[in-house]
Amino acid sequence: MTVTVETAWILSVALVAIRFAAALALTPVFGSANVPARFRVLLILALSAVVVSGMGVEAARAPVSLPAFLGAAASEAILGAALAFGIFTAFAVFLLAGRIMDIQLGFGVATLIDPTNRSQSPLLGTFLNLMAVALFFAIDGHHLLVRGLVFSLQQAPPGTSLSELDPGAIVAQFGGMFVYATALSAPVLLTILLIDVVLAVIARTMPQVNIFIVSLPLKIFVGLLVLAISLRYMGPLVARIFEGLFDYWHQLLG
């Protein structure tokens, strides 16, 4: 019994693995510092081999020399990073919204150590990000993520030139992050603004009241109450954020 492996298949698997590795580096699972590197490598190689064999993926421009292969690998790494940017911004929306609310509620001076990436994160931002991760897996977002990666191979086979990508999609995705973050934090921000107006009137009419001592616990209590009430209505917005990720990939690879 003999087993033959074609060189073109090996090159295609290697290029696809580079794209997948770069794209998955910023996902909540693969971005975690607790996931062993060996597991990441083996899973990405297995996924790449299955996709290449199942779809019959071949390099658009088969590298015929080592410099050509290195150039194709660099292009795949850049393309994977561009795909990862969409994943990063989708989850960064929740961190940014939490940071905005933290500043308004007085939690801006406190941070948490996120054990997944071993970095400091805002208090409410960490809560919203964990909620987003749970929702992402609850709606089978990880399955959609794999389908999106397969779609990228259909639109841009391994070895595709970077000149075929749309850089405007990256700019639009970056701007959308701020728009969605503002929309998530809008109920709390508007409520805190009204509280500030009321406290300003009280400070003018009753100067003997220590507004700072009164406002701090009041903002925290009311802000958390409004956030808890608004969570039940965030479903459509959260779904739109994740849908925007795949819309970004479609526009980028257009």
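Listed by first and then second residue, the salt bridge (Lys or Arg N to Asp or Glu O under 4.0 Å) pairs involving residues 42-53 amount to none (not counting sequence neighbours). For residues 175-184, the set of pairs meeting the side-chain hydrogen bond (donor to acceptor under 3.5 Å, both in side chains) definition, not counting sequence neighbours, is empty. Residue pairs meeting the salt bridge (Lys or Arg N to Asp or Glu O under 4.0 Å) criterion with at least one partner in residues 66-93, sequence neighbours excluded, are Arg19-Glu76. The stretch residues 168-183 participates, sequence neighbours left out, in no salt bridge (Lys or Arg N to Asp or Glu O under 4.0 Å) pair at all. Counting only residues at least two apart or in different chains, salt bridge (Lys or Arg N to Asp or Glu O under 4.0 Å) contacts with residues 187-204 comprise Asp196-Lys219.
Remark: Phe151 engages His250 in a ring pair (Phe, Tyr, Trp, His ring centres under 6.0 Å) (not counting sequence neighbours). With sequence neighbours excluded, no residue forms a ring pair (Phe, Tyr, Trp, His ring centres under 6.0 Å) with Phe221. Remark: Thr191 engages Ile195, Val222, Val226 in a side chain to side chain contact (heavy atoms under 4.5 Å, CB included) (not counting sequence neighbours). Scanning for side chain to side chain contact (heavy atoms under 4.5 Å, CB included) contacts around Ile100 gives Leu96, Ser185, Leu189, with sequence neighbours left out. Arg147 pairs by the salt bridge (Lys or Arg N to Asp or Glu O under 4.0 Å) definition with nothing, not counting sequence neighbours. Annotation: side-chain hydrogen bond (donor to acceptor under 3.5 Å, both in side chains) contacts of Gln173 (sequence neighbours excluded): Thr89. Evaluation of the ring pair (Phe, Tyr, Trp, His ring centres under 6.0 Å) rule for Phe242 yields Phe91, Phe136 as partners, not counting sequence neighbours.
Considering Val146, Leu43, Leu153 as possible partners of Phe20, the one that fulfils the side chain to side chain contact (heavy atoms under 4.5 Å, CB included) test is Leu153.
Inter-residue side-chain proximity for Leu83 and Ser152 is flagged as met; some heavy-atom pair is nearer than 4.5 Å. For the pair Met234 and Leu227, the minimum side-chain heavy-atom distance is below 4.5 Å. Looking at heavy atoms from C-beta onward, Leu252 lies out of side-chain contact with Gln155 at the 4.5 angstrom threshold. Contact annotation: the side chain of Ile192 never approaches that of Met101 to less than 4.5 Å [non-hydrogen atoms, C-beta and beyond]. In this structure the side chain of Ile170 reaches within 4.5 angstrom of the side chain of Tyr248, judged on heavy atoms. Looking only at side-chain heavy atoms (C-beta outward), Leu253 and Leu79 come within less than 4.5 Å of each other. Side-chain contact between Val133 and Phe94: absent, with no pair of heavy atoms (C-beta onward) separated by less than 4.5 Å. Using a 4.5 Å heavy-atom threshold, the side chains of Leu216 and Leu105 count as separate.
To the nearest 0.5 angstrom, Leu124 atom CG is 4.0 Å from Asp102 atom CG. Atom CG of Leu24 is separated from atom NE2 of His142 by 12.5 Å, given to the nearest 0.5 angstrom. Atom CG of Leu190 sits about 10.5 Å away from atom CD of Gln104, to the nearest 0.5 Å. How far CG of Leu225 is from CD1 of Ile220: 13.5 Å, rounded to the nearest 0.5 Å.
Closest approach of Ala23 to Leu149, counting heavy atoms only: CB-CD2, 3.8 Å. Taking each heavy atom of Ile44 and Ala17 in turn, the nearest pair found is CG2-O, 3.5 Å. Here the shortest heavy-atom pairing between Gly86 and Leu245 reads C-CD1, 3.3 Å. When all heavy atoms of Pro158 and Val16 are compared, the pair lying nearest together is CG-CG2, 3.6 Å. Minimum interatomic distance between Ala77 and Ile18 (heavy atoms only, all atoms of both residues): N-CG2, 3.7 Å. The two atoms that bring Leu184 and Ala97 nearest to each other are CB-CB, 3.8 Å, heavy atoms only.
Linking Ile, Leu, Val, Met, Phe, Trp and Tyr residues whenever their side-chain heavy atoms come within less than 4.5 Å leaves Val188 and Leu194 in two separate clusters. No path of Ile, Leu, Val, Met, Phe, Trp and Tyr side chains, each step under 4.5 Å between heavy atoms, connects Ile103 with Met177, placing them in separate hydrophobic clusters. Following chains of ILVMFWY side-chain contacts shorter than 4.5 Å, one can reach Leu145 starting from Phe137, so the two form part of one hydrophobic cluster. Following chains of ILVMFWY side-chain contacts shorter than 4.5 Å, one can reach Met206 starting from Leu218, so the two form part of one hydrophobic cluster. Ile139 is connected to Ile87 through a chain of hydrophobic side-chain contacts under 4.5 Å among Ile, Leu, Val, Met, Phe, Trp and Tyr, so both are in one cluster.
Formation of a donor-acceptor pair under 3.5 Å by the Asn129 side chain with backbone atoms of Leu95 is not found in this model.
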(request) Tell me, with the steps shown, if Val13 and Leu47 meet side-chain contact (heavy atoms from CB on, under 4.5 Å). (result) CA-CA 9 Å; Val13 170; Leu47 180 61; over 6 Å; no
